[in-house]
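The structure appears below as structure tokens.
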Amino acid sequence: MLSARTLLVRGMLVGIAAGLAAFVFAYLFGEGSINDAIAFEEAHAAHDGEAGHEAVSRTVQSTLGLGVANLIYGIALGGLFAIAVAVAVGRLGKLSARATAGIVALAGFVGVALIPFLKYPANPPATGNPDTLRQRTGLYFLMIVIGVAVVVGTLVVARMLQPRLGTWNATTVAALGAVVVTGAAVALLPGVNEVPEGFSPVLLWQFRLASLGTQAVMWATLGLLFGYLTERSQQRSVPAAVNPVAV
């Protein structure tokens with residue numbers, strides 16, 4: 001048994017590693033798309049006579065700015081992830097802490113990243129109208145709330161149905177219900193399409209996939225590393241409890 005404080009600190013430390021991993025991935029696979037999108041935006045701004053001066057250089061944005069943003073996000077997410085794992089341990093059957101961490105990480109990725117991506121994928125610079133920023137932000141966060149609710153509901157329904165249907169059938173039924181709810185949300189919520197004419201669809205999807213990949217790296221690092229460290233800590237504590245040193 002580990003204290004909540006120990007798990008929280010561990011989650012935040014693992015969040016640092018996850019933030020670094022996400023930064024490396026985003027820098028390698030996302031910055032090229034951003035540079036091309038900015039070039040497209042600047043070309044159109046110059047053509048329309050609206051060229052402006054950037055307050056922070058692209059070099060700083062793509063290195064220090066990107067790194068700090070991912071580290072802060074990783075630390076905060078790591079703390080929340082540790083709390084979620086602490087709550088989930090023992091409530092997902094007889095799974096080990098390592099397996100529980102993996103399931104929580106997968107559930108978090110699906111709820112926080114994948115489901116919102118299905119309706120409102122990330123867009124690079126030059127593809128959004130500043131006048132609709134507040135509306136787009138609100139819709140995106142609404143989709144995150146729906147995604148988290150879908151994931152939590154799926155786990156709860158699967159657990160409720162397990163005694164009657166068995167693990168496999170209960171999981172299948174709950175997953176089908178999640179697909180239906182997600183599909184309804186995607187169909188009913190208003191769409192956002194502000195990609196300007198002439199913008200490369202290949203560039204658009206390269207950026208979107210890099211954005212989703214960054215989230216996947218973040219959650220995978222959290223799940224794998226946190227689970228490994230927690231299991232290792234438990235293995236060290238068991239011999240000490242079973243074979244206490246005589247005094």
Side-chain angles (χ1 to χ4, degrees), residues 15-78 108-144 146-147 185-187 189-222:
I16 295 176
L20 290 173
F23 162 69
V24 172
F25 184 92
Y27 182 81
L28 294 176
F29 297 98
E31 284 302 309
S33 301
I34 294 178
N35 289 332
D36 292 342
I38 290 176
F40 175 89
E41 184 178 35
E42 291 177 344
H44 279 256
H47 180 269
D48 297 334
E50 300 176 355
H53 176 71
E54 58 182 11
V56 182
S57 68
R58 272 297 299 151
T59 301
V60 175
Q61 292 176 16
S62 62
T63 53
L64 181 62
L66 181 64
V68 171
N70 277 283
L71 280 177
I72 294 175
Y73 180 64
I75 292 172
L77 189 62
F109 170 72
V110 172
V112 176
L114 182 59
I115 290 180
F117 177 85
L118 297 176
K119 182 63 180 182
Y120 302 117
N123 287 324
T127 59
N129 184 353
D131 296 334
T132 64
L133 177 60
R134 180 175 297 180
Q135 177 189 8
R136 287 184 283 117
T137 302
L139 289 172
Y140 181 75
F141 278 103
L142 175 59
M143 200 64 194
I144 291 179
I146 294 173
V186 170
L189 287 177
V192 176
N193 184 14
E194 299 176 349
V195 179
E197 184 178 354
F199 194 87
S200 170
V202 175
L203 174 60
L204 178 64
W205 277 104
Q206 285 177 342
F207 175 84
R208 288 177 172 177
L209 291 178
S211 176
L212 186 64
T214 301
Q215 289 280 345
V217 170
M218 178 80 74
W219 284 101
T221 304
L222 284 175

How far apart are the closest heavy atoms of P116 and G111, and which atoms are they?
CD-O, 3.3 Å
Between A210 and F25 the two heavy atoms that sit nearest each other are O-CE2, 3.5 Å
Do the side chains of L114 and Q215 get nearer than 4.5 Å, heavy atoms only?
no
Looking at OG1 of T63 and CD of E31, how far apart are the two atoms once the value is rounded to the nearest 0.5 Å?
8.5 Å
Measure from the side-chain N and O atoms of T221 to the backbone N and O of V217, and report whether any donor-acceptor pair falls under 3.5 Å.
yes
For N70 and A22 the tightest heavy-atom approach is OD1-CB, 3.5 Å
Can you tell me how far CZ of F207 sits from CG of L212, rounded to the nearest 0.5 angstrom?
11.5 Å
Mind checking side chain to side chain contact (heavy atoms under 4.5 Å, CB included) for I16 and listing every partner two or more places apart, or none if nothing turns up?
L13, L20, L71, I75
For residues 108-140, which residue pairs pass the ring-ring contact (aromatic ring centres under 6.0 Å, His included) check, not counting sequence neighbours?
none
Just verifying a value: how many Å separate L139 CG and I144 CD1, rounded to the nearest 0.5 Å?
11.5 Å
Rounded to the nearest 0.5 Å, what's the gap from CG on L203 to CD1 on I34? Could you check?
10.0 Å
For the residue pair T127 and P196, what are the closest heavy atoms and their distance?
CA-CD, 3.8 Å
Do L142 and L189 have side-chain heavy atoms sitting under 4.5 Å apart?
yes
From CZ (F141) to CZ (R136), nearest 0.5 Å:
12.5 Å
What are the two closest heavy atoms between P190 and K119, and how far apart are they?
O-CE, 3.6 Å
Sub-4.5 Å side-chain heavy-atom contact between S200 and F40:
no
Go through the structure and list residues passing ring-ring contact (aromatic ring centres under 6.0 Å, His included) with Y27, not counting sequence neighbours.
none
Distance from E194 atom CD to N123 atom CG, nearest 0.5 Å?
8.0 Å
Side-chain heavy atoms of Q61 within contact of L66, under 4.5 Å:
no
M218 versus L77, closest heavy-atom pair with distance:
CG-CD2, 3.8 Å
